[in-house]
Amino acid sequence: MDFQWDIFVEAIPALLGGAWLTIQLTIISVAIGLMLGLIVALGRVSANPVTSKLAAAYTTAMRGIPLLVTLMFLYYGLPSAGLQLSAFTVAVIALAVTNAAYVAEIIRAGIQSIDRGQMRAARSLGMSYGLAMRRIILPQVVRRVLPPITNESITLLKNTALVSTIALSELLRSGLEVMTWKANTFSPFAGVALIYLMMTLPMIWFVSRLEKRYAIP
Amino acid sequence: MSHLIRVSGLHKSYGPLHVLKGIDMTVEPGEVVCVIGPSGSGKSTLLNCLNFLEPYGPGEVWIDGVLVGYEKKPDGSMVKVADHKLNATRTAIGIVFQQFNLFPHLSVTENIIEAPVRVRKIPAQQARDKARELLAKVGLADKASAYPSQLSGGQQQRVAIARALAMEPKVMLFDEVTSALDPELVGEVLGVMKGLARDGMTMFVVTHEMAFAREVADRVVFMADGEIVEQGPPSEIFGNPRSERLRNFLGRFRG
Ligand SMILES: Nc1ncnc2c1ncn2[C@@H]1O[C@H](COP(=O)(O)OP(=O)(O)OP(=O)(O)O)[C@@H](O)[C@H]1O
Ligand SMILES: [Mg+2]
């Protein structure tokens, strides 16, 4: 074991810089993933068979392709087709479109878990499908899907580590850089692991709070 | 020509299952019509076709002079109407369901004012005043800010009636609204419905409560196997049933 306290301390500023990029990637990708996931979920439950099939194909494909492959495809594959995106943009797109597939499945299950009578009652009062969704169905769905969606966000945060492969100095890559520079493995990685935990623990705690609060007695 | 509801030649199938087999029926303004019949005879299906919660066809359903769910083209063909027109038609028809279907995330008052405010664009304050009036009418003035989960089944069903009335419908449809209630709670809901009938509301009531039908109905419709087998004043239907099927059906309630 080559842990050295002084290298550990010296590494922290660089690691925090990486962590900040990780946080940015997470927040932006989660936000886009949520919006895209909601749209896909609404497409999935719509009465229109074309929309529904398209949405199903999307969730199936994106859950079946490894994130790393999506990342590589966008970063190395697209330029060969003449489209060169920045590493940050590629990272956000890959994380968000993958996250959206999982979010969509969670929201779809949430919508379908709401009693059919709710939609019937809303429609019988003259509400349009969209209004009934927005005012009656989705507010009830939010409570049910908040815990699994927070879990998905934790997964996304951890998956940002894969982005280190496309030359973005997020937290893991910052650790790798310190490792090379100081010729010491254990100290920077102890810091990396600790900082990941510091970011995920509050979210894990939040989920367990939510689950207790909305638990069906 | 002043029929409030006119159903003619109405058919409805679920896939290969032919549920409604040519229903002809009218309901006049202010009339209370009770529909009775064995389970699976198509009573709920008929009620759901009246406001196009279930698409029907062939056949026609007219409510207050408006063809429900379809538009007639000059060549006689029927095409589905745009959603917003259907929504407008639906505001004229109140429905109360067996399972109450109150919105659990909204308070009693919010349940009642949601559609008036969002659909009919009535100012929120005016809708609240109206909700208070309606809650008093169904005997729940003190529950305005409660949530559905805090109410008994009978109370929830009375809120559901108030919610439907808030849209000022021309006709109220009831689908076995007391079937999910504990026996001791049935009376309070039927009481509210009797009050409505007295006030002159046009009502179409699917029910297993024979005593209610006998007392409140102007006309009783007996359905079996997707057809109207017999209809007439309660005294005729209960006192002098003509068809074998109706006699068998009523026999089960005498026990
Ligand atoms: N959504 C549906 N899909 C397929 N079949 C249905 C559907 N709804 C009803 N049915 C069938 O249509 C027939 C008539 O059902 P309906 O609910 O109208 O009967 P009902 O007279 O209301 O009976 P009950 O007294 O039990 O409520 C039944 O055979 C039922 O199984
Ligand atoms: Mg029924």
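Proteins come first, then strands; the chains are lettered A, B, ... in the order of their sequence lines, and each starts at number 1.
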If we define contacts as heavy-atom pairs under 4.5 Å, which of B/Ala115, B/Ala164, B/Pro104 has the most with chain A?
B/Pro104

Pick from B/Val119, B/Thr91, B/Leu173, B/Asp83 with the largest number of heavy-atom pairs that fall under 4.5 Å of chain A
B/Val119

Which value, rounded to the nearest 0.5 Å, describes the distance between [X] atom [atom1] and [Y] atom [atom2]?
X        : Y        : atom1 : atom2 : answer
B/Asn87  : A/Met127 : CG    : CE    : 10.0 Å
B/Ile95  : A/Arg123 : CD1   : CZ    : 12.0 Å
B/Leu86  : A/Ser128 : CG    : OG    : 11.0 Å
B/Phe103 : A/Ile137 : CZ    : CD1   : 8.0 Å

Side chain, backbone, both or neither: which part of [X] has a non-hydrogen atom closer than 4.5 Å to chain A?
X        : answer
B/Leu102 : backbone
B/Arg120 : neither
B/Phe97  : side chain
B/Gln98  : neither

So with a 6.0 Å cut-off around NZ of B/Lys170, is the heavy-atom count from everything else above 12?
no

A/Lys53 NZ: over 12 foreign heavy atoms closer than 6.0 Å:
no

Is there a side-chain contact between [X] and [Y] (heavy atoms, below 4.5 Å)?
X        : Y        : value
B/Arg90  : A/Leu125 : no
A/Ser124 : B/Ile93  : no
B/Leu53  : A/Met119 : no

Between the side chain of B/His105 and the main-chain N/O of A/Arg135, is any donor-acceptor distance below 3.5 Å?
yes

Verify, without hydrogens or angle tests, whether B/Glu114 (side chain) and A/Ile136 (backbone) share a donor-acceptor contact under 3.5 angstrom.
no

Would you mind checking if A/Arg120 and B/Asp175 are paired as a salt bridge, meaning a charged N to carboxylate O distance below 4.0 Å?
no

